[in-house]
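Just below is one structure, and these are the notes that go with it.
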2 protein chains.
Amino acid sequence: MPHAAAATPQLLRRVNAQSVLGVIRATEVATGTELMARTGLTRASVIAVCEDLIRRGWIRELDARDEDQPGSPRKGRPARRFELNSRAGFVLGLDIGAATTTAAVADLRGTVLGRSSESFRAADIPAEERIDVVDRACRRALAAAGTGPASVLAVGAGIAAPVDRDGNVLASQHFWSLFDVGLRSALKELHGWTVLLENDANLAALGERWRGSGAGVDDLVVLLAGERLGAGVMESGRLLHGRGGAAGEMGYLDLVQGVGSSDGIATLARQWSAAGGGPAAGGEASARRVFEDAAAGDPAALAILDRLSERMARVIASVSSFINPEQVVIGGAVAESAGALLPGITALLPRFTATPPRVTVSPLGDAIVTVGAIRHALDYVEANALELELGR
Amino acid sequence: MPHAAAATPQLLRRVNAQSVLGVIRATEVATGTELMARTGLTRASVIAVCEDLIRRGWIRELDARDEDQPGSPRKGRPARRFELNSRAGFVLGLDIGAATTTAAVADLRGTVLGRSSESFRAADIPAEERIDVVDRACRRALAAAGTGPASVLAVGAGIAAPVDRDGNVLASQHFWSLFDVGLRSALKELHGWTVLLENDANLAALGERWRGSGAGVDDLVVLLAGERLGAGVMESGRLLHGRGGAAGEMGYLDLVQGVGSSDGIATLARQWSAAGGGPAAGGEASARRVFEDAAAGDPAALAILDRLSERMARVIASVSSFINPEQVVIGGAVAESAGALLPGITALLPRFTATPPRVTVSPLGDAIVTVGAIRHALDYVEANALELELGR
DNA sequence: GGCAATATATTTAGCTTGTATCTAAAATAC
DNA sequence: GTATTTTAGATACAAGCTAAATATATTGCC
């Protein structure tokens, strides 16, 4: 039973091919000389690796200068130019909610090419029907992107429940626990897809670090406030899961003074509307009303916003004092409104924690989970590029 | 600017040498055939790697069978046998407290060979004097181990303050912030040592996972309760630091109902003694008294223990609901007494968190930080084995 | 004591992948 | 139209691995 696979000469090629591919992913077009500089390899190796990658379908050689160089009028023999074959395959990013599923298709650069949302007929439909609806969303999104199921290299999927490092849902989560295995085996069987299940807040964190306001931040917490309040925690650039995938769950807020774990945004909105005299039905409308009133200078509305800011500050502070992130991003349904609360929250934070983070609001809107799901799938594809078969 | 170093054929040897060395570390004596099986390498490679490791001083070949094989009366040509040269170098583990410093010396297998504690003259002595005392503890421990400063390969050191991933103390930590740079440069200059500074609770977690009750647990939290209450958090086998090294700080307990961050054990002991009518001076004596009274059936003492159990349960629950560890270990000054509280804590946990962990008490006693510091230093030595020069 | 069986050691040939160096090619610049 | 410059391509060689053939030392049996 070999503990570790022996390192054979082929490993070198894999490592160097990954390194070259990484550079090509990060640039528009790369010449051999550029690749030499960025990877530290010699020209011979770079060329050999590129031929390899071309044969496997991951990159493409641009032919003779059919375009004018914008910057430098280069002297010397023209360089061979390589670029990522970004349409060599596609990934799917899924946001599977309780009422709705959204599927997004992206190419290997992460450019979103198609999108589709489907609603579930009812909350208590059987797992098969639910999977059917998910599948329909996927196929429609693929059609919108002008491609088909065979070109999908990986599927990232987010649900609002703890998911462990292996993509399994805890057995105690009755609502989702059957769904995870079923979804994976169904999509594997129907299309041959590899489904990577993750917690929605974790995906939000991936998305925010990739294309949101936490770009490039290694120690990042994303609060996903919607039907539920959950946190996606990245430490040193890695997602935290914990033993059963429940890291980032906010259940402990029950124990925190001045907040309650049921203080998801729905609850808060209901409270605002109650206190602010907005429309009786809690939700977006009433929340917007409170913000409008506050903007108009209404003292009652302003007081509500103050209370809300303090609440958010307490939540953020409790997380920050234990995890010490560089930045906390507020995302989900509240994000749009939360901008108005930022100054208040930021001002209050030092009162509650010795390590106050930068606080921002997500610019990704509804797409926060699908963007993260796409990133999650791309991470998988990039890590396994040389094992995946392209061009089916 | 090469982003990544090019993978040359030499990389293979490094990878395979690390792999062979890892197996040899994990066994008493290994034959070539065993190494082949465990590493997946061929005999030729295994032998070549071993000759290499012998030349570098990390392993040693045992000569002809000067001992009888206990288990198997082996047929065939006798195998060459290799073992770790565990005295090829040593590591130091330091526990630098406010009042005392303890140094422990261990060989490459982690066997502790020498130990020494030194007290500081006063709390407000200048950094140089403090460093002097630390140095004295080191030299005495080395002498006790029968070796000297030249054989030290790395030094792990724990302090009761946030330390970031690079071993730096936040500038805002006045007490330690000058100390860290000074300590490192002083020991580097005096003896050429590499000092790896870490938070004491983090080291406690390393120690507990290595030789404590959390052996082999990847998602582990160690609560280090002494003058301060701090947590060392391991997720997926890695220590959490956060942006400034303050991950695991318990400041958020200020925000938690029914606990306060000042509820270190000293405070609790004071409260017990007050409530239990023990000796007026808070501390060990009074704490012990409460436990004795409780064991004797005294209702007041029992009530105190109940309150204390609930408090601990709340603390553990708040951590566990956010981090979802598999196990929480209670260590530090309280550990000895805490055993009596375990049943109560375990029973209360499900009331406060949906993901209750296993709770245990550290068996490492006072040594918890030095053991972790040794592990920390060994991790460094093992990771950099092929870059380190042996046998000065 | 000699011989088969067995397990391990050693040697040799060949493959992959890398570097280093030299020569050839294709563009610009004057 | 020739020199300069930049990149491409080819050749020689080194490191490290596998695989297969050969050699060696021990046990066990007759």
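Note on naming: letters A, B, ... go to the chains in the order of the sequence lines (proteins, then strands), and numbering restarts at 1 for each one.
- Taking atom CE of B/M36 as the reference point, atom P of C/dT10 lies 13 Å away to the nearest angstrom.
- Straight-line distance from the CG atom of A/L41 to the P atom of C/dT16: 19 Å, rounded to whole Å.
- Annotation for A/R375: atom CZ counts as buried by contact number, over 12 foreign heavy atoms lying within 6.0 Å.
- Side-chain atoms of B/R43 and B/T33 include a donor-acceptor pair closer than 3.5 Å.
- Looking at every heavy atom in both residues, A/G40 comes nearest to B/A6 through O-CB, 3.5 Å.
- Nearer the 5' end of DNA chain C, as judged by each residue's closest nucleotide, is the contact made by B/G76, out of B/G32 and B/G76.
- Side chains of A/R184 and A/N168: a donor on one and an acceptor on the other come within 3.5 Å.
- Between B/R80 and B/E51 there is a salt bridge, with a side-chain nitrogen of the basic residue lying less than 4.0 Å from a carboxylate oxygen of the acidic one.
- Here D/dA8 presents its P atom at 13 Å from CG of A/L62, a figure rounded to the nearest Å.
- The side chain of A/T42 contributes no N or O atom lying less than 4.0 Å from OP1 or OP2 of C/dA20.
- Toward the 5′ end of DNA chain D lies the nearest nucleotide of A/T33, the other residue of the pair A/T33 and B/V49 mapping further downstream.
- Side-chain atoms of A/Q18 come within 3.5 Å of backbone atoms of A/E382 as a donor-acceptor pair (strictly under, hydrogens ignored).
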Between the protein and nucleotides 9-16 of chain D, are there any N/O to N/O pairs under 3.5 Å, and if so, what are the atom names and distances?
from	atom 1	to	atom 2	distance (Å)
D/dG9	OP2	A/R80	NH1	2.9

